[in-house]
Amino acid sequence: MIPTNPLHSQRGASAVQVSLGMAVIAALFAFPQFVESPYVLHMMILFFLSTLMGQSWNIIGGYTGQYSVGHAAYFGTGAYSTMILLTTKEIAPWYGMWVGIAASVVLALIIGSICFRLRGPYFVLASIAVAEIVRGTALNLTDLTKGAEGILLTDMPAFKIGQTVITDFSSKVPYYYIALVLALMIIAVTWLVQNSKLGYYFQAIREDQDAAHSLGINLTFWKNSALVISAAFTSLAGSFYAIFVKFIDPSTVLPLDLSVQIVLISIIGGIGTIFGPVIGSLVLVPLSEALRSNAIAQGLINSGLVSEESGIGIFLKEHLAHAHVLIYGILVVVVILFMPDGVLGYFRKMTAKKKRGEA
Amino acid sequence: MLTIDKLNFSYGDMQVLWNIDLQVNEGEIVTVVGANGAGKSTTLKNISRLVKQTSGSITFQGEELKGLESHQVVERGLVQVPEGRKIFPEMTVLENLRMGSFIKSARPDRETNVERVFSMFPRLKEREKQLGGTMSGGEQQMLAIGRGLMANPKLLLLDEPSLGLSPLFVKIIFEIIQEINKQGVTILLVEQNVFQSLKIANRAYVLETGRVVLSGSGSELLSNDHVKKAFLGM
């Protein structure tokens, strides 16, 4: 048996896992044939988008150990490139996104060459600072970005091959498929990275930079490579977001909150693992939606635990929706305290414990 | 093979190395001994380019190392086994070793080198699939040295390999160092274990507060009064 990768000591998936994965993918592709509710499709799209963002960050943050808290910069760059080209030059987003990727890669190399001189918390702070500079620039470059006013997309061009219209984007379904393909693609890319030599170099840097350096690994080069891959896909997520939501401004595609959210998807799910960001999205997307739509307060009232007329009921109804960021924050603290390896790591530990207990 | 000429180095305003002159000839075991803070590790870091000298020159096989980065000196056959072992804790023993042959010139020899390391350290062979971080200090040190050998070093820099090891492992590690030397690898060893390292060294340098205060053959220094008094407690 010749292993495909000389560094690779069998970490592959079993046949059961592969067929299970195939079944899930097939089900996801068939999903819109059975479910027509735009709301459900919308949630699924957000879930795929979140997976794409979290997984992109995972490559630089999880595998290479460089905690960039400035990924909104790449997301925003992708979103703005696509939107500006589309609204002013009528360049279709499927071309515009490449410009976004190119711009993000250039930005990543600039940021990387500056910030990778720093390590640990200093790198984190520098990455935040650079992203804030990008946000400030977008806010003030009003000729190009319309500043705080934002850019509204009114005419989404139809996607044609030859003369045949494939889709005119009038429903959520085309977005669903695009998002699904993007999410699957980033999972595949992460899998490839993890199982290639590249992944080992990244992990060596994560585990001990000095040791990696002493083995002849060019730290700057490989860290920048990881950042470029990560930035390109984050930019893609931004491009998709722009045409999906059809409105962008600096406070939605470039804020620090967004950078933090991107990080949390991986951290909550399980950092440096392929399924971590998927699990993280599975937890965070419904959670933030439930909090935003006040489903929790409503649920408590409907279940009869809290009466709608009582003081508490009125208070919850009034304020819980506004407090969604606060609750989100508390949950993050809880996860970090009690599940330091993320949800995925927690369950792995539990199953391992159980196995040991039975043995 | 390696020549250090009037090396000066400062951490910021604080000068820690003063006019260090040091020579390593091919095939030798040379050791640098001294107390904590004498500048031993800093000297090594200058050689492996983890830090850059303030003035003076370091040449390896006739080539000036000034201006080279760490990963570039490794490609020239100058490999450091860092202090405190610094293995990759979440990788298996085998993966750690394979990471050692990162550089292009060492890749074709990867599998033969793995075998060579395993025959030198049978203990590592037994623990091939174990995660590096779960091994004992002595085993981790073996792994760190083994990983260093994977890069086909001409000159191996060893930074305090006996640090924090049990007496039994110290003995094993020093035997291994001699064994590696016999296989044709030149060794520059930095140690606090003065007695052991002088015993195996062809030549030795004594550092005190950043200066070379004594140099000579290992046996000469072992019988030197100053060395006896300062380091061996005799």
Side-chain angles (χ1 to χ4, degrees), chain A residues 1-12 58 61-65 113 116-117 119 193-225 270-274 276 340-342 344-345 348-349 352 356, chain B residues 44-45 47-51 68-111 114 128-129 131-133 140 143-144 147-153 156-157 159:
Chain A
M1 193 189 70
I2 302 156
T4 44
N5 167 15
L7 286 172
H8 185 203
S9 44
Q10 219 50 54
R11 281 182 175 177
N58 199 20
Y63 285 97
T64 321
S113 63
F116 283 140
R117 291 157 196 264
R119 290 183 177 193
V193 165
Q194 182 185 297
N195 291 285
S196 69
K197 281 188 268 181
L198 206 64
Y200 279 86
Y201 303 159
F202 291 169
Q203 287 170 60
I205 292 174
R206 175 185 72 197
E207 296 201 357
D208 201 313
Q209 294 196 34
D210 293 324
H213 207 177
S214 78
L215 297 177
I217 294 177
N218 183 341
L219 295 182
T220 324
F221 178 82
W222 293 106
K223 282 186 199 171
N224 274 313
S225 308
I271 199 165
T273 56
I274 288 193
D341 297 323
L344 195 64
R348 277 195 185 146
K349 217 190 267 169
R356 272 205 307 277
Chain B
L44 273 201
K45 280 184 187 159
I47 300 171
S48 60
R49 309 316 292 153
L50 286 169
V51 298
L68 293 186
E69 294 291 325
S70 285
H71 57 91
Q72 292 170 314
V73 298
V74 179
E75 284 160 13
R76 284 158 177 78
L78 214 169
V79 178
Q80 177 168 13
V81 177
E83 183 181 354
R85 309 183 270 275
K86 302 220 174 228
I87 52 141
F88 302 117
E90 298 284 322
M91 291 187 186
T92 65
V93 167
L94 192 58
E95 286 166 349
N96 260 284
L97 289 178
R98 285 174 170 170
M99 281 307 302
S101 57
F102 170 83
I103 54 166
K104 272 209 184 67
S105 58
R107 282 180 209 174
D109 304 328
R110 181 174 282 148
E111 295 313 316
V114 167
E128 195 177 336
K129 293 212 166 63
L131 291 184
Q140 290 187 14
L143 181 55
R147 191 181 59 185
L149 291 174
M150 292 294 297
N152 283 338
L156 192 63
L157 309 175
D159 196 353

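Chain letters run A, B, ... following the sequence lines, proteins first and then strands; every chain starts at 1.
Heavy atoms from other residues, nucleotides or ligands lying under 6.0 Å from CZ of A/Arg117 number 12 at most.
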Test log, rule side chain to side chain contact (heavy atoms under 4.5 Å, CB included), inputs B/Glu69 and A/Leu219: CA-CA 10 Å; B/Glu69 294 291 325; A/Leu219 295 182; over 6 Å; no

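At a 4.5 Å heavy-atom cutoff, the contact between B/Ser70 and chain A is made by backbone and side-chain atoms alike. Contact annotation for B/Arg49: neither backbone nor side-chain heavy atoms come within less than 4.5 Å of a heavy atom of chain A.
Qualifying side-chain hydrogen bond (donor to acceptor under 3.5 Å, both in side chains) partners for B/Gln140, counting only residues two or more places apart in sequence or in other chains: none. Every residue meeting the side chain to side chain contact (heavy atoms under 4.5 Å, CB included) condition with A/Asn224, not counting sequence neighbours, appears here in chain and number order: A/Leu109, A/Phe116, A/Thr220.
The side chain to side chain contact (heavy atoms under 4.5 Å, CB included) test with A/Gln203 singles out one residue from B/Met91, B/Glu90, B/Glu95, and that residue is B/Met91.
To the nearest 0.5 Å, atoms OG (A/Ser214) and CG (B/Leu50) are separated by 7.0 Å.
Of all heavy-atom pairs between B/Phe88 and A/Asp208, the closest is CE2-O, 3.7 Å. Residues B/Lys86 and A/Asp210 share a closest heavy-atom pair of NZ-OD2, 3.5 Å.
Within the 4.5 Å cutoff, side-chain heavy atoms of B/Arg147 are placed close to those of A/Leu215. Side chains of B/Met99 and A/Tyr200 form a contact here, defined as non-hydrogen atoms less than 4.5 Å apart.
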